[in-house]
Amino acid sequence: MLRNRRHLLTIMATAMILSACSSTPERPLRLLTHDSFDVSTAVLEAFTAETGIEVEVIPIGDAGSALNRVILTSDDPEGDLLFGVDSTFLTRALAADLFLPHRAAGLEFVDPTLIPSDDRVTPIDFGDVCVNYDRAWFADAGLDVPSDLASLAEPAYAGLLAVQNPATSSPGLAFLLATIERFGEDGAFSFWERLRGGDVLVTEGWSEAYYGAFTHASDGDRPLVVSYASSPPAEVLFAAEPTDSAPTGVILDTCFRQVEYVGILASTDRVDDARRLVDFMLSPTFQADVPLTMFVFPARSDVALPDVFVEHAVLPQRPITMDPARIDAGREAWIARFATTVLR
Amino acid sequence: VIRPGRGTLLATLPLGFLGLFFAWPLALVLGRGLGVDGEALLAPLLDAVRDPYLRGVAWFTLWQALLSTALTLAVGLPVAAVLSTLDFRGRRALEAATIVPFVLPTVVVGSAFVALLTRLAPVVDLRRTVAAILLAHVFFNVSVVVRTVGGLWRHLDPAPVLAARTLGADRLRAFLHVTLPRLRPAIAAASAVVFLFTFTSFGVVLILGGPGRATLEVEIHRATSQLLDLRTAAALSVLQLLAVVATLGIYDRTRRRLAARPLARTATSLRRAAGPTDRAAIAGAVALLAVVQGLPLLALTERALRVGDGWGLAHFRSLGAPTREAVLSVAPAVAVRNSLLFATAATITAMIIGTLAALAAVSGTRAGRLMDGALMLPLGTSAVTLGLGLLLAFRSGPLAGRGSILLVPLAQALVAIPFVVRTMLPVLRSIDDRLREAAATLGATPRRVWREIDLPIVSRAGLVAAGFAFAVTVGEFGATVFVARASNPTIPVAIYRSLGLPGQINLGRAMALSVLLAVITGVVVLLIDRIRVGSVGRF
């Protein structure tokens, strides 16, 4: 035991001495992301082969926590770039002055509505948060699927919807914003009062709603759940037994668009390498990889979508959107009002 | 035998560890939230206390923790009684099985409970009730009572009970007047741990109670991770810590009122089960465990086996490879290897620090007593606060970045140490000093006394503690995910990643991985429990 103790002391003493030294220059370029990020191994290797730059991907929590973590450590962050700031948190990120300006190559192929006025962030992908429904459940119940956002509060659909808490969940916040944009603030909260009267289920995060309450994916009792427009193709791709038809559908009128951005952290000493990575993330190689690794749509409109997306994913023609500045100004008050209206 | 000077020396390493990996990181976080811009240090605290909503949260946190602790004791004590007095076939396996729930990720347990409560709903609808939270807390924590109390119980000298029985006391009377008083130190220790665990409960409350119900831990998490409101987060962390210190104060007073009783010199008070009374007692314990722990585990296994509309092993077979060749996709085999490596390193660390701490605490010096309580503090501290603190404290240097391979087991050990100390202390305190004196009188050197008297008892308690520490660390998620890197995913991390995407395969993999985690834990704990050190059992 004594020997072990001395050994541990040695480790800890060495640790403290070494921590005074600076880090080595030959480290890989570090891409901080939210937990839902992924990229095919071959795609990232292609970047390294082309540029000689090694990339380390470091997931640091869900979208909100990842940004907050970078803000809290902004004097000495854990990485060189941050991916995954979305439109709902864009203003907070810009206000914290985290990023360097960069105009990425390939931006001309991106739908102009996705490009923010500020050039400190680059759009990489977008996705729509929509209410999903369990096709089999509605067929068995002989009930029509709700046609639009407003009808979700009708008595016929009481006890059927699961949403996420906007205080802790990115899709939850998006859905709350959708109702505010559509009905106005007061209208939205009277809509939420009616949903509460109809026993809406609020869960902490997406997994708890989808795998804990949604009838298609759990033993729960909710055939309507706030999820993504890309969830039906994922259900086909990840079905236990091969299938041609998606077991779930999307109510198009409820969709709220989220755009995800990447930014170069101002504190990095690898600005040129970071710029090359951003350009790569907007290149056709990376963009074509986005649908099946992250289940979102590529920002570039000139890359082909995989078959399962073409067949089973729907893109709403007029998704609900909200100006990032308005989101930032209202977010906390709306979350608080949601808590008093729906939760307490 | 342990001289005061040595007690202080023994306490140095544990206190240093605690200072470096707990106190300093915590101070960094609290410093960012309190007393900023010349504001009075107490102002955020007063604001939090004045907020009627937060007062309600604090009250709910307290009463649900008290009720959870009481219920866990009510289930755990009868089971501990059977497992530590009666020997029967399958006893060890049953004891190892009670610890399995401990390692399961809360989101998985939540899913299993939802499945169970949905089926139960036509009879009694417990969905999204406090009852569901309490049931889950009992499910998780029963093993704390079974192992802590059982660890002491089976070393009790059976002679006084036999004497009482001979003098005409019935079983109940003999238990209440002879056995129970001697068990009190362990019961107090188990209650303190269960209380701290449920007081800082997070995932269970969110998933089973719904977001309408929140504990202080939930509010700290929201303030830190989502609202970026470190002022409120720090204030709530301090309040939580004060409550924990108060609990530990009460525990310490209780403990000191209870004088340690001598232990049996025989290895165990276990006797072979015989007769209908014994068989009924065993059946009762098994039935109790089957309801509070077996049913949710069964629901979990059923989900792992469900493929489409039927059942099969497809999800288990799919664990051989990642779902796709992507950077953050985890090959389950790699996650299993990482989990075993990290948990082993963390268990060894926790055992070294925890044993030194327990020895120092039992020496009765001031440093030892201080540490007894201080080492419990990490259990009662918000995981998100501590995680953020570790992050701020070790951002550069070898303990950060790639060196986080070192930081992961250290962070995990922080959570496991209180278990090691709690398990060992009641046993250490109960070693009969007369045994040592007798050995010394017979001419044994202090070293020999230690080897012949203390070591066998210490190592037996140590093995129980090691099993515990392993189970705690192999399932640890909060600290791990905060400091671990993507290149080193553990099983719980792989489970969470699987649950991040829609599709039956993803859910099936998560559930199959959970079953695998449960089985690995059960087997390892069973193996640790079977280890025999030196002359244990025959002295």
Side-chain angles (χ1 to χ4, degrees), chain A residues 1 4-5 8-9 11-12 14-15 18-21 23 27 35-42 44 57-59 61 64-65 68-69 71-73 76 78 165 167-168 201-204 207-208 210-213 217-221 227 231 234-235 237-241 292-293 295 332 343-344, chain B residues 13 16 20 32 53 107 110-111 114-115 118-119 128 206-207 210-212 221-222 224-228 230 307-308 314 323-329 348-349 352 355-356 388 391-392 394-401 403 406 481 485-487 496-497 499-508:
Chain A
M1 195 191 299
N4 284 337
R5 185 176 154 199
L8 196 78
L9 273 174
I11 293 175
M12 286 164 73
T14 320
L18 286 178
S19 63
C21 309
S23 55
R27 59 166 176 78
D35 289 337
S36 310
F37 177 86
D38 216 343
V39 51
S40 292
T41 314
L44 205 58
V57 177
I58 307 172
S65 332
N68 289 348
R69 186 158 159 176
I71 292 176
L72 287 173
T73 57
D76 178 20
E78 305 162 81
N165 187 355
T168 44
L201 170 63
V202 186
T203 71
E204 193 61 14
S207 303
E208 290 83 4
Y210 203 84
Y211 286 126
S218 73
D219 294 307
D221 56 359
S227 189
S231 302
E235 285 289 349
L237 195 69
F238 296 118
E241 282 144 3
L292 291 185
T293 48
F295 285 86
E332 272 169 45
L343 299 180
R344 290 175 197 163
Chain B
L13 183 62
L20 187 60
R32 283 202 169 202
Y53 170 71
V107 63
S111 187
V114 167
T118 306
R119 252 161 244 191
R128 298 181 281 284
L206 287 175
I207 297 172
H221 182 83
R222 279 182 195 156
T224 311
S225 294
Q226 303 297 325
L227 303 177
L228 202 58
L230 286 192
V307 182
T323 38
R324 53 186 195 271
E325 288 298 323
V327 174
L328 295 184
S329 293
I348 292 170
T349 314
I352 294 168
T355 307
L356 289 174
L388 187 61
L391 184 75
L392 293 174
F394 299 102
R395 253 183 299 160
S396 51
L399 286 179
L406 265 179
V481 79
R485 281 290 155 87
S487 43
Y496 274 87
R497 283 199 71 85
L499 284 177
L501 278 177
Q504 284 201 346
I505 288 181
N506 295 312
L507 176 68

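Every chain is numbered from 1 and lettered A, B, ... according to where its sequence line falls, protein lines coming before strand lines.
- Only the side chain of A/I71 comes within contact range of chain B, judged by heavy atoms closer than 4.5 Å.
- In this structure, OH in A/Y211 is found 6.5 Å from CG in B/L499, a value given to the nearest 0.5 Å.
- Partners of A/E332 according to the salt bridge (charged side-chain N to carboxylate O under 4.0 Å, His left out) rule, which considers only residues two or more places apart in sequence or in another chain, are A/R92.
- Residues B/V327 and A/F37 have side chains not in contact (no heavy-atom distance under 4.5 Å, counting atoms from C-beta outward).
- No donor-acceptor pair closer than 3.5 Å links the side chain of A/S231 to the backbone N or O of B/P502.
- Residue A/A217 comes nearest to B/L507 through the heavy atom pair O-CD2, 3.3 Å, listed as atom of the first residue, atom of the second, then distance.
- Only the side chain of A/Y210 comes within less than 4.5 Å of a heavy atom of chain B; its backbone N, CA, C and O stay farther away.
- Residue A/D221 touches chain B through its side chain alone, counting heavy-atom pairs closer than 4.5 Å.
- Residues that satisfy the side-chain contact (heavy atoms from CB on, under 4.5 Å) test with A/A240, not counting sequence neighbours, are B/V307, B/Q504.
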